[in-house]
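Heavy atoms only: backbone and side chains are in, while hydrogens, waters and symmetry mates are out. Only a predicted model underlies this, so the values are computations on that prediction, with no experimental measurement involved.
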Amino acid sequence: MPVESLPVRDASVHLRLLQQYLFLLKKYPIITKSVTSGILSALGNLLSQILEARKKAKDGAPVSPIDTAGAARYAVYGLLITGPVSHYFYQLMEVWMPATDPYCIVKRLLLDRLFFAPGFLLIFYFVMNILEAKGWGDFERKMKASYWTALKMNWKVWTPFQFININFVPVQFRVLFANMVALFWYAYLASVRK
């Protein structure tokens, strides 16, 4: 039985979406990474809420409705902070620690894990506090209650992914790769910050 090749215009929806994403990534890298970060951050928050609701329902506890404002806050954070900050961080890392440096693999990982991760998590707590319209006292309480725990979990969860990301993923795809991992990470952060 002969097999027909499909022209590109009849390609699957997934392939067309990928082609469009790659086009936008090349033409508008920061905007594309920012919008992608916003969408995936919101989805991570929604995932956290759904998992929490299922757990409550299973335990027979009352289930809260989906907090769309919470998902919107995560979308804003991803759009305005995660996308642009991650884009520039990965770009600068390439300049500061080029692949030609014999120790770049170790240097990149140390820079990411010891400087970027703690700072970025601090920014997350601070910005979320502002987006939730809470005061300085609430920020201090959340920092004392969960920052160190979240940072240790960040080091455990993110270190292998970031090792792969910053050393083997092409620079233009690093934000996307991190966003895919962050989908589940934001689900964790949404639950630990409560």
Side-chain angles (χ1 to χ4, degrees), residues 21-22 25-26 28-45 47-48 73-131 136 139-194:
Y21 180 80
L22 293 174
L25 187 61
K26 188 170 188 155
Y28 309 104
I30 298 170
I31 293 171
T32 303
K33 292 172 187 178
S34 295
V35 170
T36 304
S37 295
I39 291 168
L40 291 174
S41 296
L43 288 175
N45 179 267
L47 177 63
S48 169
R73 285 190 293 272
Y74 275 74
V76 168
Y77 182 79
L79 179 72
L80 299 179
I81 307 294
T82 303
V85 170
S86 298
H87 168 82
Y88 286 113
F89 174 70
Y90 293 132
Q91 294 292 327
L92 287 171
M93 185 184 284
E94 286 298 305
V95 173
W96 293 338
M97 298 163 192
T100 55
D101 181 339
Y103 299 107
C104 77
I105 289 175
V106 173
K107 288 179 180 179
R108 287 177 178 186
L109 190 62
L110 289 174
L111 175 67
D112 180 75
R113 301 289 70 219
L114 299 178
F115 294 98
F116 186 74
F120 198 71
L121 187 60
L122 176 67
I123 291 168
F124 172 81
Y125 273 74
F126 184 72
V127 171
M128 281 298 165
N129 198 67
I130 291 170
L131 293 174
W136 186 255
F139 173 70
E140 287 180 327
R141 275 190 295 283
K142 284 188 180 177
M143 287 293 293
K144 286 177 185 172
S146 66
Y147 177 81
W148 180 240
T149 302
L151 182 59
K152 288 187 293 187
M153 185 59 78
N154 179 298
W155 286 335
K156 289 176 189 174
V157 170
W158 278 92
T159 300
F161 291 110
Q162 281 300 84
F163 176 79
I164 293 165
N165 194 18
I166 60 183
N167 291 302
F168 302 108
V169 174
V171 70
Q172 70 270 25
F173 298 119
R174 288 182 188 162
V175 176
L176 178 62
F177 182 88
N179 280 331
M180 297 307 290
V181 176
L183 176 68
F184 301 100
W185 175 247
Y186 284 135
Y188 166 75
L189 279 182
S191 63
V192 78
R193 284 188 74 251
K194 293 184 179 185

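More than 12 heavy atoms of other shown residues, nucleotides or ligands fall within 6.0 angstrom of atom OH in Tyr21. Annotation for Tyr28: atom OH does not count as buried by contact number, only 12 or fewer foreign heavy atoms lying within 6.0 Å. Residue-environment remark: CZ (Phe161) stays at or below the threshold of 12 foreign heavy atoms within 6.0 Å.
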Handout entry: Check against side-chain contact (heavy atoms from CB on, under 4.5 Å), Thr36 and Val175
Key = CA-CA 9 Å; Thr36 304; Val175 176; over 6 Å; no

Report task. Quick one: do Asn154 and Arg113 satisfy side chain to side chain donor-acceptor pair (under 3.5 Å)? Show the steps, please. Result -> CA-CA 9 Å; Asn154 179 298; Arg113 301 289 70 219; 2.7 Å; yes

For the pair Leu43 and Leu40, evaluate side-chain contact (heavy atoms from CB on, under 4.5 Å) and give the outcome as yes or no after the intermediate values.
CA-CA 5 Å; Leu43 288 175; Leu40 291 174; 4.1 Å; yes

inquiry  = One pair to check against side-chain contact (heavy atoms from CB on, under 4.5 Å): Lys33 and Arg174. What are the steps and the verdict?
reply    = CA-CA 10 Å; Lys33 292 172 187 178; Arg174 288 182 188 162; over 6 Å; no

Evaluate Asn129 against Trp136 for side-chain contact (heavy atoms from CB on, under 4.5 Å), listing each step before the verdict.
CA-CA 8 Å; Asn129 198 67; Trp136 186 255; 6.0 Å; no

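Between the CH2 atom of Trp185 and the CG atom of Leu121 there is a distance of 6.5 Å, given to the nearest 0.5 Å. The distance from atom CG of Leu110 to atom CZ of Phe115, rounded to the nearest 0.5 Å, is 8.5 Å. Atoms CG and NZ, on Asp101 and Lys107 in that order, are 3.5 Å from each other to the nearest 0.5 Å. Annotation: the span from Ile166 atom CD1 to Tyr90 atom OH amounts to 7.5 Å, rounded to 0.5 Å. Separating the OG1 atom in Thr159 from the CG atom in Asn165 is a distance of 12.0 Å, to the nearest 0.5 Å. The CE atom of Met180 sits 13.5 Å away from the CZ atom of Phe173 when rounded to the nearest 0.5 Å.
With ring centers used as reference points, Tyr74 lies under 6.0 Å from Phe124. If you look at Tyr125 and Phe139, their ring centroids are not closer than 6.0 Å. Ring pair Phe89/Phe120: centre-to-centre distance not below 6.0 Å.
The shortest heavy-atom contact between Pro118 and Tyr147 is O-OH, 2.7 Å. The two residues Val171 and Gln91 have their closest heavy-atom pair at CG2-NE2, 3.8 Å. When all heavy atoms are compared, the tightest approach of Cys104 to Pro98 is CB-O, 3.4 Å. Pairing each heavy atom of Ser34 with each of Pro84, the nearest pair is OG-CD, 3.2 Å. Across every non-hydrogen atom of Ser86 and Phe116, the tightest pair is OG-CZ, 4.5 Å. Taking all atoms of both residues into account, the shortest heavy-atom contact from Arg108 to Met97 is NH2-O, 2.8 Å.
Contact check for Phe163 versus Asp112: no side-chain heavy atoms found under the 4.5 Å cut-off.
At a cut-off of 3.5 Å, with distance as the only test, a side-chain donor of Ser37 or Asn179 sits close to an acceptor on the other residue.
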